[in-house]
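Below is one structure, written out as structure tokens; comments come after it.
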Amino acid sequence: MWDNNYFSGNYMSAQAPTKQIKVRYFAILREERGLDLEEISTNCETLEQLYKELSNRYRFSLEASRLAVSQNDNFAAWTDPVKHGSTIVFIPPVAGG
Amino acid sequence: MWDNNYFSGNYMSAQAPTKQIKVRYFAILREERGLDLEEISTNCETLEQLYKELSNRYRFSLEASRLAVSQNDNFAAWTDPVKHGSTIVFIPPVAGG
Amino acid sequence: MSDLDFQFEICQNKINPECLAEKLRSDKSLGGIVVFEGRVRNQSEGKKVLKLEYEAYKALAIQEGVKILDEARAKHPEIKSLICVHAEGELEPGELAVFVGAASAHRDEAFLGCRYVIEAVKHRLPIWKKETFETGEAHWVNCSEHHGAACN
Amino acid sequence: MSDLDFQFEICQNKINPECLAEKLRSDKSLGGIVVFEGRVRNQSEGKKVLKLEYEAYKALAIQEGVKILDEARAKHPEIKSLICVHAEGELEPGELAVFVGAASAHRDEAFLGCRYVIEAVKHRLPIWKKETFETGEAHWVNCSEHHGAACN
């Protein structure tokens, strides 16, 4: 399928390999996307790139700067790599309580 | 009976007139005195003098500096005059809650 | 006090915290409720506590309690409901000695008001407690050399 | 969490605050109990609120909630019992959205721990609420231009 070391020099300028991921949507993003969960293929390297790609496609109203992000049920950094097989959640401004 | 102006010059160096008062005791002072309430006659001018007089008589364990005092159900200053007909309470260190 | 939502009491019966909390919950414009419950601890100074006896100088305590609620309301005007009930008489470990509850639109003032009231209650109300240990020893808290504090 | 006295939950049923408070009261060495109740307000932004819908990213919310309780316990080690329950689903005005309760030997740590938890819950838990006004208008709180805050 692909090489886990795709961040090493050989791949830096090459297209990253395609990854299969799940994206779960909550709250305003769920409504804007019109679904709870989707499985997608992506070449994005980072979570930030992935959000921008999806946001362009689905016209999400929220800037990435207002969101947090998780991968496999742990908070993640926007610069973290998109991992094949992972589940990703973009987290709108919270409003508990 | 007596002159309400006994604090004016004429009385400053004279013995203050005798006043009838009630003293109520609470908590440790009630136990040390062995009663809740007494009516007494006193020549003391101030509440502080009154406490010292009673403390000498009944060997109260608490210094005046650790107490507060009330006259007629209002907090009072130690330097306030003892008023004829009033009810006085010496207030041990509080421990509500 | 004339306002029904502000209540200060010295209570000779058992305090029912659930009943008091229900009053705080009755106004649906108030989203934040903070309650403090001060209960008799079963130990103090490393010794087992048998009971506490609370004695109040009631006339002055009620006057001072109402004043404390007024002060809290002036400092935190968003508070619309404020209740303080202090027990009197003999209490066993686990029993409720004092209840303070505040309700306001938002949480910050409810926390601050509740805290203001309990601190003032503990420092200013003319109420005393006599602590009796399981050994039979007894003393008036804060009045002797060994300062007990069986309750919160 | 393994310790029975530390409990974090996301709750799809009605939260029973009295039942949770009873847990906090069960240890008679704990004299100070502080409870915060966050309830749905019947108004927000000057408009009447019809309902709130809470949606939680449950796996992460529970993990983060447990972490918040751990942090509170580390900061305030005197706290021996700490409970936080957050509602999920549709709530009407007056209903309980979040309960936080802390019990410790003395009051200071109970106040501080309770406050720490509710602040962290509000800022960090991945939970959202959609506010519907009586006019029919609805919006996700904090996600749109007009920031609603129907609850505390």
Side-chain angles (χ1 to χ4, degrees), chain C residues 16-22 24-44 46 48-49 52 78 80 91-112 114-119 121-122 129 148-152, chain D residues 16-22 24-44 46 48-49 52 78 80 91-112 114-119 121-122 129 148-152:
Chain C
N16 182 337
E18 187 53 14
C19 172
L20 298 171
E22 271 306 311
L24 295 170
R25 294 174 190 138
S26 60
D27 182 338
K28 293 182 182 176
S29 73
L30 305 179
I33 296 175
V34 175
V35 166
F36 172 75
E37 293 182 14
R39 294 182 168 266
V40 177
R41 294 172 61 209
N42 61 6
Q43 51 188 291
S44 178
K48 285 193 178 172
V49 170
L52 282 188
E78 208 191 55
K80 300 303 179 203
L91 297 184
E92 290 176 11
E95 290 191 309
L96 190 50
V98 59
F99 174 100
V100 180
S104 64
H106 303 96
R107 70 189 178 282
D108 189 51
E109 297 232 306
F111 269 104
L112 295 176
C114 183
R115 187 79 201 251
Y116 181 83
V117 171
I118 186 61
E119 297 302 324
V121 158
K122 286 186 165 261
K129 60 188 169 210
C151 180
N152 56 84
Chain D
N16 183 337
E18 188 51 17
C19 171
L20 298 172
E22 271 305 312
L24 295 169
R25 293 174 191 138
S26 60
D27 183 338
K28 293 182 182 177
S29 73
L30 306 178
I33 296 175
V34 175
V35 166
F36 172 75
E37 293 183 14
R39 294 182 169 267
V40 177
R41 293 173 61 210
N42 60 8
Q43 51 189 293
S44 177
K48 285 192 176 172
V49 170
L52 283 188
E78 208 192 54
K80 300 302 180 204
L91 297 184
E92 290 175 12
E95 291 191 309
L96 190 50
V98 60
F99 174 100
V100 180
S104 64
H106 303 96
R107 69 189 178 283
D108 189 51
E109 296 233 306
F111 269 104
L112 295 175
C114 183
R115 188 78 201 252
Y116 180 84
V117 170
I118 186 61
E119 297 302 324
V121 157
K122 286 186 166 261
K129 59 186 168 212
C151 179
N152 57 82

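Chain letters run A, B, ... following the sequence lines, proteins first, then strands; residues in each count from 1.
- For the atom pair CG of Leu112(C) and CZ of Phe111(D), the computed distance is 10.0 Å after rounding to the nearest 0.5 Å.
- Taking each heavy atom of Leu30(D) and Arg39(C) in turn, the nearest pair found is O-CB, 4.3 Å.
- Judged purely by atom type and a 3.5 angstrom limit, Arg41(D) uses its side chain to pair as donor or acceptor with the backbone of Ser29(C).
- For the options Cys114(D), Ala110(D), Ala102(D), heavy-atom pairs under 4.5 Å to chain C are most numerous at Cys114(D).
- With respect to the salt-bridge test (charged N to carboxylate O, under 4.0 angstrom), the residues Glu119(C) and Arg107(D) qualify.
- The minimum heavy-atom distance between Lys28(C) and Gly94(D), with the atom names listed, is CG-CA, 3.9 Å.
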